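Remember, it's a predicted structure, so these values are computed and weren't measured experimentally.
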Amino acid sequence: MARGKLRIHLGAAPGVGKTYAMLSEAHRRVGRGTDCVVGFVEHHGRPRTEVMLHGLEQVPRRELEYRGGVFPEMDLDAVLARRPEVALVDELAHTNVPGSRNAKRWQDVEELLAAGIDVVSTVNIQHLESLGDVVESITGVRQQETVPDEVVRRADQVELVDMTPEALRRRMAHGNIYQPDKVDAALSNYFRPGNLTALRELALLWVADRVDAHLTQYRSEHRVSAIWGSRERIVVGLTGGPEGRTLIRRGARLAEKGAGGEVLAVYIARSDGLTSASPKELALQRTLVEDLGGTFHHVVGDDIPAALLAFARGANATQIVLGSSRRKTWQYVFGPGVGATVARESGSDLDVHIVTHDEVAKGRGLPVARGARLGRSRRVWGWIAGVAGPPLLAVLLNTVDLGLANDMLLFLALTVAAALLGGLLPALASAAVGSLLLNYFYTPPLHRWTIADPKNIVAIVIFVAVGVAVASVVDLAARRTHQAARLRAESEILAFLAGNVLRGETGLEDLLERVRETFGMESAALLERAGDVEPWTCAGRVGRGRPVERPDQADVDIPVGDHMALALTGRVLPAEDRRVLAAFAAQAAVVLDRRRLQEEADRARTLAEGNRIRTALLAAVSHDLRTPLAGIKAAVTSLRSEDVEWSEEDRAELLEGIEEGADRLDHLVGNLLDMSRLQTGTVTPLIREIDLDEVVPMALGGVPEGSAGLDVPETLPMVAVDPGLLERAVANLVENAVKYSPPGAPVLVAASALADRVEVRVVDRGPGVPDDAKERIFEPFQRHGDAPRGAGVGLGLAVARGFAEAMGGTLNAEDTPGGGLTMVLTLRAAGTRPELHPAAEPERQAS
């Protein structure tokens, strides 16, 4: 089944006429005989829009109940069953009422398109997901209903419904958009002229970008290489030199003169990587381009003019801005230069601007990756072979007559050996010394610096040329070997960084230490500031070098964005090292952002937990605290009443109710205070050795007589506990067990020794707890099952576990054989090494 086609009417703001345009399109299609129905159109009480619905078939809406109200939504199943050729679906970004098949209306539209039904819809520019922040900064209103940009970009047609801000405000004032009571507020808030102008610009630019993307696709599919000047695109060619900033500003001024002008700065690097621009200068130029609204591109190409023209034609550029050559006059013997070549080969469709600057004819000055790449010992032996070797060879050959040809071959072999050992310069020295010795000792006339036979001149020239060629090849191979080794090292470092990014393992200080060690620096620091005029602050620093307060005080500084820089002290690094250092700098910024996000998440988690505790505490106060207070107040009011003569039995009953309410309040407030101490980590147990039979019996004093039994042998070893905390923990366990035990089934409190631990078991015969809930019952404000509100706020077990862990013990729940629940409190026997729970760790560190 062929997928349906989507047509979207895009507007800058409500009221520009999107729905009206969609309905007009529907009437035109119906007039042509197209089967077109209204899936969902909202006219918002606008008379002209409502009239446009007449004559169009409307699929009945589906009504959904939500929070006591009834809301109409599009009946997706009915539209699919009707299977029209075209369906009108208004408000693409609408959020469906809970209970609908899809959460968003654009998802309903996707189902219609998948079923082969064409859809005509509407959406405002402020509902595009990628523009949410921009729209909020303009209007001050955050759009809650959004649609992914990709959904709108995939549309087969996007038609802009445009209206000037003045006309839209007139429509608003005439009551054609909102009800009269909302007009004044709308005109003074969302529909201000500035807001509407900015939203209109967003809509126009978005549609223009989409048109540009379609044009690029068309040119690519039809292999159109000619430049179509549909809009001004300025390509600025950069060499990495200081004149680049002048060229960028000139290109920006040219772009401002044309409607919708665009600046594309491009730096072309050679594929061998042997020459490169200053990374710091390129980073500054990249920042300048982006600040001026342009884009920066890095292209690899050995033929710079051809690569530059190919990039310009591929981007459909109309102009190229280049700087005047920095080469000196004598260097033009090697060619006309990049500017002249580009101007000659640009053709009639590309204008080339050659811009003068302060660096003209001062030399290129770019760093070149040259120099010896061989080891020091090889270079020493190469110089020995190149300088001392020819005289030694001449001494040996003076004793033997081998002929000029053999003598030249031997000197050539020595030159090749010098090249293999030491590279270019020792080979040149060997060739020069060898040619002089050949001329003096072995070419007629002998022992004179002249050559009689022209053939000998050719032989000596060939000898020197071969030596230089071999030396050049060796030097190039050494440089390539060094480059390959360096790239391998760079790839290993970058792989290390990428792995850390994925795993999130490296902290900021660890990363800075890695930077310092890798590049052999004294110190490394990450500096940042809030704005262009704000002072720099240090986000992280390692090493023992001099402190750096600003990037310009460092030996090496790598900018990271506009307000962050990596600063190192110790030595100045070459340009080739700065490439990898830039990757480290970017990773340092990512690590810093991740650390701050983690800190914010931790703070948010702490706040959320605190809010949860406070919410539950308020719920407890709202009922569980007020109930005993109300009972106490009622009893006291009754006793103080002079209108009623109370008997002694009645007075005793009222006083008993007051006492029970006060006990309940005391127990409840005690648990709340204990829970707050546990939450804030202020529980400090006073551990001492004591017998269980001194503490456990006192914990049973708060339960009715006969509701709990005790089995604590006198032979048990002493335990290392805080007596007060142990008594509160056992009391809470016993009270909880009694609460859920059936009548006639007393709770059993038994103790036993197990290795270096002592267990206190509180056994009940109640309904028990499922396995998946055995941990949840220890959370604050949890009541199991359908326990009544008067049963407490659900803090008893949480407090008991907190006290047990503070004393180095544990508290767990087990099933009672035969039915019920057993709470197992495990304590440390006296004389054993404590295993402190994390909750008590701060106290140990503080002590």
Side-chain angles (χ1 to χ4, degrees), residues 666-667 670-703 708-738 747-764 774-775 777-780 795-816 821-847:
D666 179 67
H667 179 72
N671 276 339
L672 288 172
L673 291 176
D674 291 338
M675 197 66 235
S676 66
R677 291 168 60 201
L678 290 170
Q679 292 289 336
T680 56
T682 58
V683 176
T684 306
L686 302 176
I687 304 297
R688 64 187 181 90
E689 298 180 358
I690 193 171
D691 289 322
L692 279 180
D693 55 7
E694 297 181 23
V695 179
V696 175
M698 293 188 296
L700 306 184
V703 298
L710 186 61
D711 181 14
V712 180
E714 296 181 357
T715 58
L716 286 177
M718 299 178 72
V719 292
V721 296
D722 183 315
L725 297 184
L726 176 60
E727 180 184 349
R728 292 295 305 276
V730 176
N732 283 355
L733 295 178
V734 173
E735 290 176 7
N736 183 77
V738 169
V747 173
L748 175 62
V749 181
S752 60
L754 182 64
D756 60 345
R757 316 292 287 179
V758 175
E759 290 186 350
V760 178
R761 293 177 172 266
V762 180
V763 184
D764 67 60
K774 282 187 171 61
E775 283 299 314
I777 61 176
F778 292 105
E779 297 177 5
L795 285 178
L797 296 182
V799 170
R801 171 172 275 190
F803 284 170
E805 293 176 345
M807 295 184 293
T810 60
L811 177 61
N812 297 294
E814 298 178 356
D815 292 328
T816 301
L821 187 69
T822 298
M823 292 291 179
V824 183
L825 175 61
T826 304
L827 303 172
R828 181 171 53 89
T832 59
R833 189 172 183 268
E835 297 178 5
L836 214 55
H837 186 268
E841 188 69 17
E843 284 75 22
R844 185 173 69 180
Q845 294 176 351
S847 62

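Note that OG1 of T826 and CG of L754 are 8.0 Å apart. Values are rounded to the nearest 0.5 Å. For the atom pair CD1 of I687 and CZ of R828, the computed distance is 6.5 Å after rounding to the nearest 0.5 Å. Annotation: the span from T822 atom OG1 to D764 atom CG amounts to 7.0 Å, rounded to 0.5 Å.
Using a 4.5 Å cut-off on side-chain heavy atoms (C-beta onward), V730 and L825 make contact. Contact of the L733 side chain with the V760 side chain is not registered, since no non-hydrogen atoms from C-beta on lie closer than 4.5 Å.
E689 meets the salt bridge (Lys or Arg N to Asp or Glu O under 4.0 Å) test with no other residue; sequence neighbours excluded. Annotation: side chain to side chain donor-acceptor pair (under 3.5 Å) contacts of D815 (sequence neighbours excluded): K774.
At a threshold of 4.0 Å, the pair R761-E759 counts as salt-bridged, since one of the basic side-chain nitrogens sits closer than that to a carboxylate oxygen.
In terms of modelled atom types and a separation under 3.5 Å, the side chain of D756 and the main chain of A829 share no donor-acceptor contact.
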In residues 708-726, what donor-acceptor pairs under 3.5 Å come from side-chain atoms, sequence neighbours left out?
{"residue": "D722", "atom": "OD1", "partner": "G724", "partner atom": "N", "Å": "3.0"}
{"residue": "D722", "atom": "OD1", "partner": "L725", "partner atom": "N", "Å": "3.3"}
{"residue": "D722", "atom": "OD2", "partner": "L686", "partner atom": "N", "Å": "2.7"}

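Between A699 and E727, the closest heavy-atom pair is CB-O, 3.6 Å. Between L797 and F778, the shortest heavy-atom contact is O-CD2, 3.8 Å.
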